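For reference, the structure discussed in these notes is given below.
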Number of protein chains: 2
Amino acid sequence: MITPLIKKFEWFVHLSDEDRRLLRAMASGGVQHALPGEDIVREGDHPVFVYLVLDGWAHRYKVLEDGRRQIISFFLPGDLCDLNIFLLKEMDHSIGALTSLSYLRVTRQVMDTLVEFSPRIRSALWWDTLVSAAIQREWTVNLGQRSAIERVSHLICELFIRTRMVGLGDDQTFPFPVIQADLAEATGMTTVHVNRVLQELRSRNLILFRRKRLRILDVEGLTRLALFNDNYLHLGREGAHMDADDRSAVGTG
Amino acid sequence: MITPLIKKFEWFVHLSDEDRRLLRAMASGGVQHALPGEDIVREGDHPVFVYLVLDGWAHRYKVLEDGRRQIISFFLPGDLCDLNIFLLKEMDHSIGALTSLSYLRVTRQVMDTLVEFSPRIRSALWWDTLVSAAIQREWTVNLGQRSAIERVSHLICELFIRTRMVGLGDDQTFPFPVIQADLAEATGMTTVHVNRVLQELRSRNLILFRRKRLRILDVEGLTRLALFNDNYLHLGREGAHMDADDRSAVGTG
DNA sequence: CGCCGCTTTGATGGAGATCAACCTTCGTGG
DNA sequence: CCACGAAGGTTGATCTCCATCAAAGCGGCG
């Protein structure tokens, strides 16, 4: 059930059986569900839980007074939002479901337990936080410096890798359950222009988009066009020195 | 010496004398200096220290293959970069001095000590991390949704508050040691256009810029123009419940 | 005094916004 | 099984904000 999270963590450190058992305790509160468009948290709410996406996609967003809306990040299965958010009085943004969604609401107590009893999980959570921050920084670069077509391509490259990190999708195709309006709000463009950019990417034989799945026809080409460098995703198994060496360890990834 | 950090933390929780003593231990490695334009850390480096800015401004930036450059964040006195960065193998961005700079390099061991011996400092560090993340998200919104003049205004509003948080500047005027090229790289604009936007802000009697200081003539007006909402800076003394109540507590801020 | 880094100005061009339709797809119910 | 409607995708015409290019001003410091 929480396998996406485990799959992601394994990119950092190999967990022990005990670690996995601990992580499964996150589900003790029961699985929650939301419909597309439904908000999980709203700006101004008092934060109580850490959220973990199990299935489906969610997004973080902010709305300006005059209605302009920006998607700040996407949450894929295995993504956690806002470790230690309890320290804040009010949410400064909202989180909503993009697709139909199942997720966990994890209490402070459960998070504390994870951190207390497993140094590996503690590190993996920090690593995840650092990677999330790096992604947000990369979005800053994306919006600040890249052209429309580069921006869309870059986002696609990122989501391709993040999708595979959590064990979804295959070599060339992966779930891409967002509509053009979502892409527009994430990249700071209009839907009209997103549409034209996607057509351009298709006509260059870089991508193919069918039935909520995206196929990258030319990873190399798309990467080059996007000026994409995956170093900010920190896939180097950086916690390998603290790997659990019990039989449950997975391959070298 | 580390007063800016302490001043900032006091926006979250009142520290005890013991807390301050602990924080001063961060300076045990000696004060470092850098000249304007000098890099402190480069993309690709293996991260070893947490950095704390004492005096002057620094910036985090990334450079694309073709030379385009984006400033990702500004570091003011009292700003920490990259708590727990040790978990990563390589830096995914660079940090450089904007002005002449003094700063501390804090080792993992010293950070661990802070966190171990003071729950207040532990929380304050997390709070600071959460606020930094919120700032990065707000930059995403800024670049994605706001027009050029709104973007520049918003950045000015933010830096005004952050400056006052660490005890610099007065009611209307604060140090603003960045050149127009820096503003351009932070807002994803050209220097030419930054220049014209600043002229517009001056002609509307919103700001005044002299000798590396900025005076906001009409805070209300600038805030409105920028669609600025300071909630993401979380100035609500959110850790007040864990205030140290010894005599060293400062006013209510 | 003169240079260098920074700011300012003007002219021109283009990426992407805006506005307004129209088309396609797909789920729903009659 | 088809009609219908709504959500999402596509198109074309026009406009505007900001980039680009090039040059000239300014001011602080050696």
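Letters A, B, ... are given to chains in the order of the sequence lines, protein chains preceding strands, and every chain is numbered from 1. Below, all heavy atoms of this structure are taken into account, side chains as well, without hydrogens, waters or symmetry copies. Not measured: the values here are computed from a predicted model.
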Does any non-hydrogen side-chain atom of I95(B) lie less than 4.5 Å from one of D82(B)? yes
Short heteroatom pairs, N/O only, protein and nucleotides 4-6 of chain C, under 3.5 Å:
none

Give me the distances for all protein-to-nucleotides 21-27 of chain C N/O pairs that come in under 3.5 Å?
none

R151(B) CZ to dC17(D) C1': how many Å, rounded? 10 Å
Side chains of T173(A) and R213(A): any donor to acceptor distance under 3.5 Å? yes
Yes or no on side-chain hydrogen bond (donor to acceptor under 3.5 Å, both in side chains) for N142(B) and E138(B), after CA distance, side-chain angles and deciding distance? CA-CA 6 Å; N142(B) 213 21; E138(B) 190 62 36; over 6 Å; no
Scan for salt bridge (Lys or Arg N to Asp or Glu O under 4.0 Å) pairs involving residues 180-196 of chain B, sequence neighbours excluded, and state none if there are none. R69(B)-E185(B)
H154(B)-F228(B) aromatic ring centre distance below 6.0 Å: yes
Here the distance between atom C1' of dG9(D) and atom CG of L183(A), to the nearest Å, is 12 Å
In terms of heavy-atom contacts, P177(B) and T99(B) come closest through CB-CG2, 3.4 Å
When every non-hydrogen atom of I71(A) is compared with those of Y61(A), the smallest separation belongs to CA-CB, 4.2 Å
Under 4.0 angstrom, heavy atoms only, what part of the nucleic acid is G188(A) near: base, sugar-phosphate, or nothing? sugar-phosphate
Please examine the side chains of L214(B) and L208(B), heavy atoms only from C-beta on, and report whether any two atoms are closer than 4.5 Å. no
In this structure, how many angstroms lie between the C1' atom of dG14(C) and the CE atom of M189(A), rounded? 15 Å
Within residues 138-148 of chain A, residues whose heavy atoms come under 4.0 Å of DNA chain C: S147(A), A148(A)
For L225(A) and S153(A), the nearest pair of non-hydrogen atoms, with its separation, is CD2-OG, 3.6 Å
Under-4.0 Å salt bridge between D92(A) and R137(B): yes
Provide the closest heavy-atom pair for Q136(B) versus I72(B) in the form atom of the first, atom of the second, distance. NE2-O, 3.1 Å
How sharply is the helix from dC1(C)-dG30(D) to dG30(C)-dC1(D) bent, taking the axes over five pairs at either end and rounding to 10 degrees? 40°
Minimum heavy-atom separation for V197(B) to A148(B), with atom names? CG2-CB, 4.1 Å
Fit a plane to each ring of W57(A) and F74(A), take the angle between them on a 0 to 90° scale, and name the class: parallel (under 30°), tilted (30 to 60°) or perpendicular (over 60°). tilted
Contact list for DNA chain C against residues 192-205 of chain B - heavy-atom distance below 4.0 Å: V192(B), N195(B), R196(B), Q199(B), R202(B)
Quick one: I149(B) CD1 to dC18(D) C1', roughly how many Å, whole number? 13 Å
Salt-bridge test for R60(A) and E43(A): reply yes if a basic N is under 4.0 Å from a carboxylate O, no otherwise. no
Roughly, in whole Å, what's the span from CZ in F176(A) to P in dG8(D)? 15 Å
How far apart are the C-alpha atoms of R162(B) and D79(B), what are their side-chain angles, what is the distance that settles it, and do they pass the salt bridge (Lys or Arg N to Asp or Glu O under 4.0 Å) test? CA-CA 10 Å; R162(B) 287 175 58 192; D79(B) 280 342; 2.8 Å; yes
State, to 0.1 Å, how close F49(A) and I85(A) come at their nearest heavy-atom pair, and which atoms those are. O-CG2, 3.6 Å
